[in-house]
Amino acid sequence: MKILDRNFYMRDTEVVARALLGKLLVHYIDDHMLSGLIVETEAYRADDDPASHACRGKITRNIPMFGPVGYSYVYFIYGNHFCFNIVAKAKNQPAGAVLIRALEPIKGIEVMQKHRNQTNLSNLTNGPGKLTQALNISKEQNALDLTTQGKLYVVDYDTKSHVIETSCRVGIRVGTEKKWRFYCKGNVNVSK
DNA sequence: CACCCGATTATCT
DNA sequence: GATAATCGGGTGT
């Protein structure tokens with residue numbers, strides 16, 4: 001299994017969002033490996049995307065979106081939850097990131113159940129706020145390089161093939177017409 | 001199952 | 001003062 005390199009993320013954001021489906025997100029907590037298959041993503045671009053945090057330029061929060069690809073972008077939302085993104089954009093783009101919206105739990109399931117206070121496997125990582133809670137990802141994991149062998153990275157994980165479905169992004173008020181949400185058809189961990 | 005709403009804080013108007 | 005890339009618990013059908 002190979003860690004995804006910088007070049008993987010250096011393509012149009014929506015292309016990377018699609019390509020991340022079926023890859024494995026890994027986070028080590030106290031020697032426990034927590035991992036999940038990425039089964040749902042959304043692309044957020046730069047000033048051409050009104051729904052993106054980057055659409056009105058650089059501010060303190062979104063600095064990672066304007067930085068090098070392959071880094072994490074974690075932000076706090078609704079006063080309750082963290083959302084985990086991976087910076088991805090073509091070379092000529094100023095900003096962009098892929099929101100990881102759902103995982104299929106693979107390793108460290110008991111630890112994830114503890115973090116979530118929830119035993120139902122299909123309710124562990126089936127949403128952007130749920131998966132960060134399950135993998136214990138918060139502000140401390142913001143702006144980390146995911147292309148090196150640290151505690152947080154993404155690896156190629158060639159298992160069963162999947163059919164990719166496309167739809168409009170959810171939970172936004174503007175830019176709703178762009179079909180930049182991607183998910184593995186039929187997977188029970190895809191958010192509703 | 002469907003809707004409705006409160007939590008709780010960074011950011012925007 | 002309002003809103004947000006969300007979630008879980010409540011009520012009603």
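Chain naming here is simple, since letters A, B, ... match the order of the sequence lines and numbering starts at 1 in each.
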Give [X] one of three labels, base, sugar-phosphate or nothing, depending on what nucleic acid heavy atoms sit under 4.0 Å from its own.
X        : value
Gly79(A) : base
Leu99(A) : base
Phe76(A) : sugar-phosphate

Closest nucleotide among [options] to the [X] side chain:
X         : options                  : answer
Arg101(A) : dT13(B), dT11(B), dT6(C) : dT6(C)
Arg56(A)  : dA5(C), dT13(B), dT9(B)  : dT13(B)
Arg61(A)  : dA7(B), dT11(B), dT6(C)  : dT11(B)
Arg116(A) : dA7(B), dT13(B), dG8(C)  : dG8(C)
Cys83(A)  : dA7(B), dT6(C), dT11(B)  : dT6(C)
Tyr73(A)  : dC7(C), dA5(C), dT11(B)  : dA5(C)

Does a side-chain N or O from Lys130(A) land closer than 4.0 Å to OP1 or OP2 of dG8(C), or not?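 Result: yes.
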Are OP1 or OP2 of dA5(C) and a side-chain N or O of Arg173(A) less than 4.0 angstrom apart?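 Checking dA5(C) against Arg173(A), no side-chain N or O comes under 4.0 Å of OP1 or OP2.
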For Tyr75(A) and Tyr73(A), I'd like to know if the aromatic rings sit close, meaning centre-to-centre distance below 6.0 Å. yes
For residues Cys184(A) and Ile38(A), report the shortest heavy-atom separation together with the two atoms involved. SG-O, 4.3 Å
Please report the closest heavy-atom contact between Ser52(A) and Arg45(A), naming both atoms and the distance.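 Minimum heavy-atom separation between Ser52(A) and Arg45(A): OG-O, 2.5 Å.
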Please state how far atom [atom1] in [X] lies from atom [atom2] in [N], giving the value in whole angstrom units.
X         : N      : atom1 : atom2 : answer
His53(A)  : dA4(C) : NE2   : P     : 10 Å
Leu124(A) : dC7(C) : CG    : P     : 13 Å
Ile86(A)  : dA5(C) : CD1   : C1'   : 15 Å
Glu42(A)  : dT6(C) : CD    : P     : 7 Å
Phe82(A)  : dT6(C) : CZ    : P     : 15 Å
Trp180(A) : dA5(C) : CH2   : P     : 15 Å
Asn85(A)  : dT6(C) : CG    : C1'   : 14 Å
Asn80(A)  : dA7(B) : CG    : P     : 10 Å

Pi stacking test for Tyr78(A) and dA4(C): under 5.5 Å apart, planes under 30°: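 Not stacked: fails the 5.5 Å / 30° test.
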Do you see a donor-acceptor pair shorter than 3.5 Å between the side chains of Asn189(A) and Asn187(A)? yes
Lys/Arg N to Asp/Glu carboxylate O, Lys89(A) vs Asp12(A), below 4.0 Å: no
Expected output: side-chain Asp145(A) to main-chain Thr147(A) donor-acceptor under 3.5 Å: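 Side chain of Asp145(A) to backbone of Thr147(A), a donor-acceptor pair under 3.5 Å: yes, one is there.
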So which one's nearest nucleotide on DNA chain C is more toward 5', Gln118(A) or Met65(A)? Met65(A)
Decide if atom NZ of Lys139(A) counts as having more than 12 heavy atoms of other residues, nucleotides or ligands within a radius under 6.0 Å. yes
How is the base pairing of DNA chain B summarised as a dot-bracket string, given the Watson-Crick and G-U wobble criteria with both distances under 3.5 Å, [ ] for crossing and | for another strand? |||||||.||||.
Could you please spell out the steps behind the side chain to side chain donor-acceptor pair (under 3.5 Å) verdict for Ser191(A) and Glu40(A)? CA-CA 8 Å; Ser191(A) 70; Glu40(A) 180 182 351; 2.9 Å; yes
C1' gap between dG8(C) and dA10(B), integer Å: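 Those two atoms are separated by 22 Å.
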Between dA2(B) and dA5(C), how far apart are the two P atoms, rounded to whole Å?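 To the nearest whole Å, 24 Å.
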